[in-house]
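Heads up: numbering here begins at 1 and tracks the sequence. Bear in mind that the values here come from a model prediction, so they are computed numbers and not experimental data.
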Amino acid sequence: MLKSGKKQVNELYQNLGKLFYAVAMADHSVHMKEMEKLNEVVRDHWLEVDDIEDEYGTDSAFQIISVFDWLLEYQKDSEEIYEEFEAFYMGHKILFTPKIKHLAMSTSRAIAAAFYGSNKSELILLGRLQLLFEE
């Protein structure tokens with residue numbers, strides 16, 4: 001699916017991990033159900049996007065989970081991480097095909113809804129993401 005270089009695809013997945021972390025952490029805590037939903041969506045949808053592997057021979061889509069877990073371990077700020085994703089998006093729009101944008105939006109919505117539905121903080125972030133993808 002993605003025809004970009006391996007390095008760029010790995011960076012894309014790493015930044016998607018940042019996005020999904022920012023959505024989950026928007027309310028200042030990440031719930032187990034949000035992590036479970038992310039794992040499920042990566043396995044069910046993101047692994048199918050391309051056949052690119054990381055330097056360890058693992059599907060690059062697992063970079064999403066690795067970055068998410070690292071950010072969670074260090075309790076990074078949701079807003080700061082979202083801004084890092086936004087900056088990556090602005091500099092690499094070509095990587096964000098309509099399919100990638102759609103999958104990123106649906107994954108973000110699924111994570112936000114995983115723990116008793118979306119709250120105000122998550123809805124605001126989802127709105128910002130929708131506007132960003134429409135630019």
Side-chain angles (χ1 to χ4, degrees):
M1 155 73 206
L2 288 173
K3 295 180 175 72
S4 304
K6 186 175 181 176
K7 182 177 186 286
Q8 282 188 316
V9 172
N10 280 326
E11 287 178 10
L12 169 67
Y13 287 132
Q14 290 164 6
N15 278 277
L16 286 167
K18 290 178 182 182
L19 169 63
F20 302 145
Y21 172 83
V23 171
M25 187 58 108
D27 59 356
H28 305 292
S29 65
V30 175
H31 301 279
M32 183 59 78
K33 290 195 179 294
E34 293 169 320
M35 294 171 58
E36 291 168 356
K37 180 55 74 175
L38 174 65
N39 282 300
E40 174 189 323
V41 174
V42 166
R43 290 181 193 284
D44 292 349
H45 301 287
W46 286 101
L47 292 179
E48 301 168 3
V49 171
D50 61 51
D51 295 326
I52 295 178
E53 295 180 342
D54 64 17
E55 63 270 22
Y56 305 107
T58 305
D59 192 297
S60 288
F62 284 115
Q63 292 283 319
I64 294 170
I65 296 170
S66 296
V67 168
F68 184 101
D69 289 346
W70 185 89
L71 292 167
L72 181 59
E73 183 177 343
Y74 291 97
Q75 294 288 298
K76 296 294 185 179
D77 178 66
S78 173
E79 181 63 25
E80 180 183 327
I81 297 303
Y82 179 78
E83 289 173 4
E84 287 180 21
F85 168 79
E86 197 172 64
F88 177 82
Y89 173 80
M90 296 305 285
H92 300 85
K93 283 186 178 183
I94 195 163
L95 296 175
F96 289 85
T97 63
K99 180 178 179 176
I100 295 294
K101 287 181 188 179
H102 174 76
L103 200 47
M105 269 315 299
S106 63
T107 303
S108 296
R109 285 188 191 109
I111 292 167
F115 185 73
Y116 295 117
S118 303
N119 63 39
K120 184 178 177 182
S121 303
E122 292 166 336
L123 290 172
I124 290 169
L125 196 56
L126 291 173
R128 287 174 62 191
L129 179 61
Q130 184 71 45
L131 291 173
L132 178 67
F133 282 168
E134 291 172 0
E135 282 187 9

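With hydrogens and angles ignored, the 3.5 Å screen pairs a side-chain donor or acceptor of Ser66 with a backbone N or O of Phe62.
For the atom pair CD1 of Ile111 and NE2 of His31, the computed distance is 13.0 Å after rounding to the nearest 0.5 Å. With values rounded to the nearest 0.5 angstrom, Leu123 atom CG is found 13.5 Å from Arg128 atom CZ. Atom NZ of Lys93 sits about 7.0 Å away from atom NZ of Lys101, to the nearest 0.5 Å. Rounding to the nearest 0.5 angstrom, the gap separating the OG1 atom in Thr58 from the CD atom in Gln63 is 8.5 Å. In this structure, the separation between CD on Glu80 and CG on Leu71 is 9.5 Å, given to the nearest 0.5 Å. The structure places CG of Asn39 at 4.0 Å from CD1 of Ile65, a figure rounded to the nearest 0.5 Å.
Between Tyr82 and Phe85, the angle of the ring planes lies from 30° to 60°, which puts this pair in the tilted group.
Here the closest non-hydrogen pair linking Leu125 and Ala22 is CD2-O, 3.3 Å. Nearest approach of Met35 to Asp69, heavy atoms of both residues: CE-OD1, 4.4 Å. The two residues Gly17 and Val67 have their closest heavy-atom pair at C-CG1, 4.1 Å. Residues Val42 and Ala61 approach most closely at CG1-O, 3.9 Å, considering heavy atoms. Closest approach of Asp50 and Asp59 over heavy atoms only: O-OD2, 3.9 Å. Closest non-hydrogen pair, Ser121 versus Ala26, comes out as CB-O, 3.4 Å.
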List the steps, then state whether side-chain contact (heavy atoms from CB on, under 4.5 Å) holds for Thr107 with His45. CA-CA 9 Å; Thr107 303; His45 301 287; 5.9 Å; no

Side chain to side chain donor-acceptor pair (under 3.5 Å), that's the test. Do Asp54 and Ser60 meet it? Break it down for me. CA-CA 5 Å; Asp54 64 17; Ser60 288; 5.8 Å; no

Could you walk me through whether Lys18 and Asn15 pass the side-chain contact (heavy atoms from CB on, under 4.5 Å) test, one step at a time? CA-CA 5 Å; Lys18 290 178 182 182; Asn15 278 277; 3.6 Å; yes

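Checked against the 6.0 Å centroid criterion, the rings of Phe20 and Phe68 do not qualify as a close aromatic pair.
Shown are Glu122, Lys37, Glu34; of these, the side-chain contact (heavy atoms from CB on, under 4.5 Å) with Phe115 is made only by Glu34.
Ion pairing of Glu48 with Arg43 is absent here, as no side-chain N (NZ or NE/NH1/NH2) approaches a carboxylate O to less than 4.0 Å. Comment: Lys33 does not engage Glu36 in a salt bridge, judged by the lack of any side-chain N to carboxylate O separation of less than 4.0 angstrom. Using a 4.0 Å cut-off between a side-chain N of Lys or Arg and a carboxylate O of Asp or Glu, Lys7 and Glu11 qualify as a salt bridge.
Using a 4.5 Å cut-off on side-chain heavy atoms (C-beta onward), Tyr89 and Leu19 make no contact. A 4.5 Å side-chain heavy-atom check between Glu86 and Leu132 finds at least one atom pair inside the cut-off. In this structure, the side chains of Gln130 and Arg109 come closer than 4.5 Å at one or more pairs of heavy atoms. Annotation: side chain of Val9 is not in contact with side chain of Lys6 (no heavy-atom distance under 4.5 Å). Residues Glu79 and Glu83 form a side-chain contact, since some pair of their non-hydrogen atoms from C-beta on lies under 4.5 Å apart. The shortest side-chain heavy-atom distance between Trp46 and Tyr13 falls under the 4.5 Å cut-off. Counting heavy atoms from C-beta on, the side chains of Ile100 and Val49 come closer than 4.5 Å. Using a 4.5 Å cut-off on side-chain heavy atoms (C-beta onward), His92 and Leu12 make no contact.
Clustering ILVMFWY residues whenever any of their side-chain heavy atoms sit less than 4.5 angstrom apart, transitively, puts Ile124 in a cluster other than the one holding Val23. Residue Leu16 is grouped with residue Met90 when hydrophobic side chains (ILVMFWY) are merged at heavy-atom distances under 4.5 angstrom, including chains of intermediate members. Tyr74 and Leu38 fall within the same hydrophobic cluster, where Ile, Leu, Val, Met, Phe, Trp and Tyr residues are linked whenever their side-chain heavy atoms come under 4.5 Å apart, directly or through other members.
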